[in-house]
Amino acid sequence: MQTARFWLNTTSEDIRCFYDSDGSRHWEVLNGITTDASLPAQRSGVSSISLPLSHCPSLAEIDRFLFHYFSHTCTIRRSLVDYDNPWRSVLLPLCYQSDGLLHMAIAWAAHILRNQCASRDIPRYDQMILAHKCRSLKYLRNMVPQRTDDRDAISLAETKAERDALLLLVMFHCLLEVASGSIREWTYHMRGALLIIKFYTNPKVENRREVFSHEVLELVYSFFLEKGTFLGTTMTATTGNDEEDSLEWSTEVPAIFPFLTGRGSVKINPCMGLSHELLDIISSISNQTKHHPRDTTQAFTALHSRLTNLAIQTQTQPADQDITDTDTANLMNLHSKAFESATWIYLHHALGAAPRDCKAIQTLHLPILLTTLSQIHKMHGPLLGFLPYPMWALFIASCVVLEQDRVKILEWFTVLNCKKPVSNVPSTMAAVEAVWKRRDLEAVSEVDGVSPGYGPSAGVQPEKRGPIWMAAISQLGWKMPFT
């Protein structure tokens with residue numbers, strides 16, 4: 001019933017309009033994409049759509065089906081709520097105005113169905129994904145300036161709608177690379193989106209605030225900030241320039257658009273269950289361990305205070321008045337709780353505590369995190385793999401659990417892997433197993449009185465070398481996001 005509700009998303013008003021309208025228009029009515037003001041397009045959060053899908057003659061019948069599937073299922077799955085989902089209200093209308101975005105939406109829908117289909121149908125979906133992705137990339141190449149100093153190329157995207165679609169298109173290509181298990185390519189698109197923003201907001205532009213729509217900027221900024229923040233928790237100060245790209249998303253973009261500054265905001269983003277303040281705390285922990293590893297006492301006190309205040313504010317703030325579904329509110333709170341518990345563990349460990357011996361980690365924060373993850377799995381139920389999942393929180397728990405809890409972690413990964421075989425789940429699981437193997441080898445070496453003798457940290461005490469997952473991830477060349 002839950003899946004059917006997400007698929008149809010139909011109200012009694014829709015049914016009335018369906019019987020009051022011509023039968024040939026039932027798809028538009030059900031999907032909330034008609035241009036008739038008397039019909040409930042506003043219900044699904046979709047407004048200002050210029051054309052119905054039937055006016056796109058280049059789409060085959062299967063493509064139209066895939067786009068309808070994207071309009072409902074694929075856009076809903078990017079958020080924990082369906083009433084206030086920018087992946088529908090912001091992204092969907094622009095698909096009718098941008099060929100590149102339309103083809104990318106179809107490719108994304110084909111990818112989701114590929115994860116759910118029988119093995120004999122996989123090649124068919126793979127072919128559709130590749131075909132529409134190539135068409136979208138061709139459009140993107142024609143719209144993006146070949147040189148950053150080519151200011152005449154600003155005419156490639158003259159209107160705000162074209163620039164919005166271009167930015168969303170890069171974000172969606174990044175998302176597909178993440179979903180396809182890419183190791184490095186998604187960060188390439190993250191840098192590309194940043195370059196596009198800088199290009200169209202160069203010093204010659206008088207009114208930067210009007211270059212892109214505020215709603216589009218908020219969605220794109222939130223997406224890349226989240227990815228960059230979690231990427232930063234797996235990188236060291238010597239891994240290259242990619243960590244600087246993630247820093248630019250949290251510093252340079254708000255410098256161009258001040259309204260994006262969200263530090264201190266405890267409001268939970270419904271797309272994932274995270275607040276800007278928690279993301280900023282996680283980023284601050286990463287920066288502290290990379291650039292000021294010796295100055296830990298003062299940093300720990302400040303970050304500890306921020307996390308404590310965040311927990312108090314989260315518990316005391318009134319519930320979102322727009323959330324009337326108790327299950328939805330509980331799910332968002334569970335995601336938030338999982339991320340907060342994982343951040344506490346990251347804070348203690350990154351600033352010096354060995355997870356196995358740290359009482360605060362093993363007796364306080366880890367049990368809460370494991371219990372919360374178990375509740376999330378139960379609450380997701382058949383929608384596990386369909387709704388957003390706090391992968392970073394699971395990764396942190398996996399890296400600090402003692403041996404007796406590894407079976408529980410493997411069970412969760414196995415279920416997730418069955419639901420999303422083509423995703424970042426297999427890569428995350430491989431990283432966790434590498435961390436376990438390395439930790440087991442080091443434990444054996446300590447018992448035998450010999451150094452492990454490999455990697456940059458050989459002969460260094462575990463508590464002095466930073467988070468325990470750094471060396472394993474570095475050897476894997478691993479650069480995956482956790483959402």
Side-chain angles (χ1 to χ4, degrees), residues 45-51 75 78 84-105 136-175 186-229 244-263 265 269 271 276 279:
V46 177
S47 59
S48 70
I49 294 179
S50 58
L51 288 174
T75 48
R78 298 303 309 164
D84 183 23
N85 186 350
W87 289 86
R88 297 182 69 179
S89 60
V90 174
L91 178 66
L92 190 55
L94 285 170
C95 289
Y96 293 83
Q97 303 174 41
S98 167
D99 287 342
L101 205 53
L102 178 64
H103 285 295
M104 202 58 202
S136 181
L137 279 173
K138 184 181 292 186
Y139 174 89
L140 181 59
R141 279 182 171 273
N142 292 333
M143 290 295 290
V144 173
Q146 299 303 306
R147 303 192 316 273
T148 55
D149 60 345
D150 184 7
R151 294 305 171 190
D152 293 335
I154 202 166
S155 61
L156 290 174
E158 291 183 328
T159 68
K160 183 186 291 187
E162 288 175 326
R163 294 188 291 271
D164 285 346
L166 185 60
L167 206 53
L168 289 170
L169 182 56
V170 176
M171 180 188 74
F172 237 78
H173 272 284
C174 174
L175 182 62
W186 74 271
T187 56
Y188 181 81
H189 289 300
M190 183 167 74
R191 291 193 295 273
L194 190 61
L195 288 174
I196 288 173
I197 289 177
K198 290 180 178 179
F199 179 82
Y200 284 106
T201 56
N202 66 82
K204 295 181 180 179
V205 177
E206 294 183 2
N207 193 352
R208 291 181 173 185
R209 291 178 63 89
E210 299 304 319
V211 174
F212 301 98
S213 299
H214 289 198
E215 296 80 6
V216 168
L217 279 171
E218 288 172 353
L219 177 60
V220 173
Y221 176 68
S222 176
F223 175 85
F224 283 115
L225 179 65
E226 188 179 288
K227 298 291 182 287
T229 298
E244 298 304 324
D245 295 324
S246 63
L247 288 176
E248 286 179 337
W249 271 102
S250 62
T251 56
E252 290 197 22
V253 179
I256 300 172
F257 304 103
F259 69 90
L260 290 174
T261 303
R263 181 171 183 173
S265 172
N269 184 334
C271 290
H276 276 285
L279 282 172

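One-based numbering along the sequence shown. Just so we're clear, the structure is a prediction, and the values are computed from it rather than from any experiment.
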> If you draw a 6.0 Å radius around CZ in Phe257, do more than 12 non-hydrogen atoms from other residues or ligands fall strictly inside?
Replying inline: yes

> With distance as the sole test, does Thr201 use its side chain to make a donor-acceptor pair with the main-chain N or O of Ile197 at under 3.5 Å?
Replying inline: yes

> So, the side chain of Asp164 versus the backbone of Val216: is there a donor-acceptor pair under 3.5 Å, distance only?
Replying inline: no

>> Quick check: closest heavy atoms across His189 and Val170, and the distance to 0.1 Å?
In response: O-CG1, 3.3 Å

> Which value, rounded to the nearest 0.5 Å, describes the distance between Glu162 atom CD and Leu101 atom CG?
Replying inline: 12.5 Å

> Any side-chain heavy-atom pair from Leu217 and Val211 closer than 4.5 angstrom?
Replying inline: no

>> Walk me through whether Trp186 and Lys227 qualify under side-chain contact (heavy atoms from CB on, under 4.5 Å).
In response: CA-CA 10 Å; Trp186 74 271; Lys227 298 291 182 287; 3.6 Å; yes

> Nearest 0.5 Å, what's the SG-CZ distance between Cys271 and Arg78?
Replying inline: 8.0 Å

>> Check whether Arg163 reaches the backbone of Phe212 with its side chain - one donor and one acceptor, N or O, closer than 3.5 Å.
In response: no

>> Nearest 0.5 Å, please: how far is CD in Glu226 from OH in Tyr221?
In response: 12.0 Å

> Between Leu169 and Ser136, what is the shortest heavy-atom contact and its length?
Replying inline: CD1-OG, 3.0 Å

> How close do Leu219 and Leu168 get, heavy atom to heavy atom, and via which atoms?
Replying inline: CD2-CD2, 4.0 Å

>> I need the minimum non-hydrogen distance between Tyr96 and Leu92, along with the two atoms involved.
In response: CD1-O, 3.4 Å

>> Could you report the tightest heavy-atom contact between Ser222 and Asn269, atom names first, then the distance?
In response: OG-ND2, 2.9 Å

> For the ring pair His214 and Phe259, is the centre-to-centre distance below 6.0 Å?
Replying inline: yes

> Yes or no on side-chain contact (heavy atoms from CB on, under 4.5 Å) for Leu175 and Phe223, after CA distance, side-chain angles and deciding distance?
Replying inline: CA-CA 9 Å; Leu175 182 62; Phe223 175 85; 3.9 Å; yes

> Which atom pair, heavy atoms only, marks the closest approach of Met143 to Tyr200?
Replying inline: O-OH, 4.2 Å

> Around atom NZ of Lys138, are there more than 12 heavy atoms of other residues, nucleotides or ligands at under 6.0 Å?
Replying inline: no

>> What verdict does the side-chain contact (heavy atoms from CB on, under 4.5 Å) test give for Leu140 and Leu166, after you've listed the backbone C-alpha separation in whole Å, the side-chain angles of each residue and the deciding distance to 0.1 Å?
In response: CA-CA 7 Å; Leu140 181 59; Leu166 185 60; 3.4 Å; yes

>> Just verifying a value: how many Å separate Phe172 CZ and Trp87 CH2, rounded to the nearest 0.5 Å?
In response: 5.5 Å

>> Quick check for you: to the nearest 0.5 Å, what is the distance between Leu102 atom CG and Cys95 atom SG?
In response: 6.0 Å

